[in-house]
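Working notes for the structure below.
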Amino acid sequence: MTKDKLLDARPDDDQYDITLRPRSLAEYIGQQQVLDNLSILLEAARRRDEPVEHVLLCGPPGLGKTTLAHIIANELGVAIKVSSGPAIDHQGALGSILLNLSTRDVFFIDEIHRLNTVVEESLYPALEDFRFDAVLGKGVGASAATLPLPHFTCVGATTRQGLLSGPLRDRFGAVYRLDFYTKAELEKIVGRSARILDIEIHDDAVSEIARRARGTPRIANRLLRRVRDYAQVRGDGRATVDTTRLALEMLDVDEIGLEPLDRQLLHTVIVKFKGGPVGLDTLATSLSEEPETIEDVHEPYLIQIGFLARTARGRVATELAYRHIGIAPPQPESQQTRLL
Ligand code: ADE
C-alpha cells in the first residue's frame, strides 16, 4: 500500500483529529522544547510587530505537525491556507495560492519534500523576497512578470528532513523536530480526548491505550475511538481495562502497540534475511509495500524502541526484536561462525 493510500484508508482520522486538536500552545501536551522555542519565536515577532519567519516542522507522521501549523495561525490571529507537496503539482497551482494570501497569513505545505523541482524553484523567491515570477500565457506568446506577494509565513512539514534540498531548508528561519511522545504525555492526551468525546474511561484503560500508541497521539486517539466502539457494542459503554485489552486484541495491536505489518517486517528481517542486513527496497518487495511507507511510517518507531537498526548495509534486527517475535537470537559464537 502506498503511504497516501494508507492515510486514505483511515478517513475518520482527519475528521476526528480536528475535534481533538489543541488550538493553542497552552492546550498542547508534549514536545516541550519545540513549544518553548515556538512561543519565543511568536512572541518576539509580535513584540516587533513583524511577520513570523518561515517554520519547518520535521518528524514521523501523527506527531502534531499539522496541529502546530494551525496553532501558529491561531496564536497570530491570521488565516491558514493548507496544501501539500503532491497537490501543488505545477507553478500555476502555487501562484494561485500565493497570490490569494493576505499579509501575515500562514501557508502550510504538508509533505513539502514531495514538491517537484519546478514548483520548488518558484517557491524560493516567494519565501525569500516575497515575489512570484509568473509565466503569463503559453507558447511563443508567453511572457514573464514579477508579482509582489504579501509578507506571509510558510510552515512546511516533512517526515523526511534528509530529502529536503539545501536551498529549500535554508529558507526556513526556524526548524523544529518533533519526537515520539512519552507514555505519561500520551496518557494526558488520551484523558483529554476522552473528556472531549465524553467517553467514560478508567485510568488503567487510559494507561493501556497510551502504552500501545507507539508514541503517537494520532494512534492514541484512533485506539481510543475503537475502544469506545467496542465498549458500546460488547459492554456497557464504559472503557475498563478489560474491555480495552479485548478491543485492542481484536484489532491485532499487540501489548507494545505493534500492528501486523510491524511484526511482519521484523519477522521478515529475522527469518527470511537471517536478521539482516537487508536493503530497504528488498525488504519492501518482500512485504509487498512501498519503500516510503516502510521508511516513513513503520521504521521510525521500531528504531526508536531499539528493535531495528539502520546500518550502511541495510536494516538489522536487534536482540530485542528476536525476543519480541519469539525467536531465539543468534548466539555470539554462531554469529562469528557466520562471519568466518
Ligand atoms: N491531541 C492530539 N495531539 C495532542 C497534543 N499534543 N496535545 C493535546 N492534545 C492532542
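Note: hydrogens, waters and symmetry copies are ignored here, and every other heavy atom, side chains too, is used. Order of appearance sets the numbers: ligands from 1, and atoms from 1 within every ligand.
For atom 3 (N) of ligand 1, the closest heavy atom belonging to the protein is P217 CB, 3.5 Å. The protein non-hydrogen atom at the shortest distance from atom 9 (N) of ligand 1 is R192 NH1, 3.2 Å. Nearest protein neighbour of atom 10 (C) of ligand 1, counting heavy atoms only, is P22 CD, 3.5 Å.
Neither the backbone nor the side chain of T67 has any atom closer than 4.0 Å to an atom of ligand 1 (non-hydrogen atoms only). Using a 4.0 Å cut-off between heavy atoms, L20 contacts ligand 1 through its backbone alone, with no side-chain atom that close. Heavy atoms of E27 found under 4.0 angstrom from ligand 1 belong exclusively to the backbone.
In this model, no donor atom of one side chain and acceptor atom of the other lie less than 3.5 Å apart for H90 and N116. Residues E120 and S165 have side chains that bring a donor and an acceptor to within less than 3.5 angstrom of each other.
Between R214 and D262 a salt bridge is recorded (basic side-chain N to carboxylate O distance below 4.0 Å).
Considering backbone and side-chain N/O atoms, I29 comes within less than 3.5 Å of an N/O atom of ligand 1. When only interatomic distances are considered, the shortest N/O to N/O separation between S193 and ligand 1 does not fall below 3.5 Å.
Here the rule is side chain to side chain contact (heavy atoms under 4.5 Å, CB included) with I72, and of L38, I80, V78 only L38 fits it.
Residue contacts with ligand 1 do not include G30, since none of its heavy atoms lies under 4.0 Å from the ligand. Put simply, no part of R21 is less than 4.0 Å from ligand 1, judged by heavy atoms.
Within ligand 1, counting atoms from 1 as listed, the ones closer than 4.0 Å to a heavy atom of I189 are 1 (N), 4 (C), 5 (C), 6 (N), 7 (N), 10 (C). Under a 4.0 Å criterion applied to the non-hydrogen atoms of N221, ligand 1 contributes the atoms 1 (N), 2 (C). Residue contact check: Y28 has heavy atoms under 4.0 Å from atoms 6 (N), 7 (N) of ligand 1.
Under a cut-off of 6.0 angstrom, the local environment of CZ in R46 is crowded, with over 12 non-hydrogen atoms contributed by other residues, nucleotides or ligands. The number of heavy atoms from other shown groups lying within 6.0 Å of NE2 (H267) does not exceed 12. Surrounding CG of D229 are more than 12 heavy atoms belonging to other residues, nucleotides or ligands, all under 6.0 Å away.
Between H54 and F152, the ring centre distance stays below 6.0 Å.
Shortest non-hydrogen contact noted between C154 and L127 is CB-CD2, 3.5 Å.
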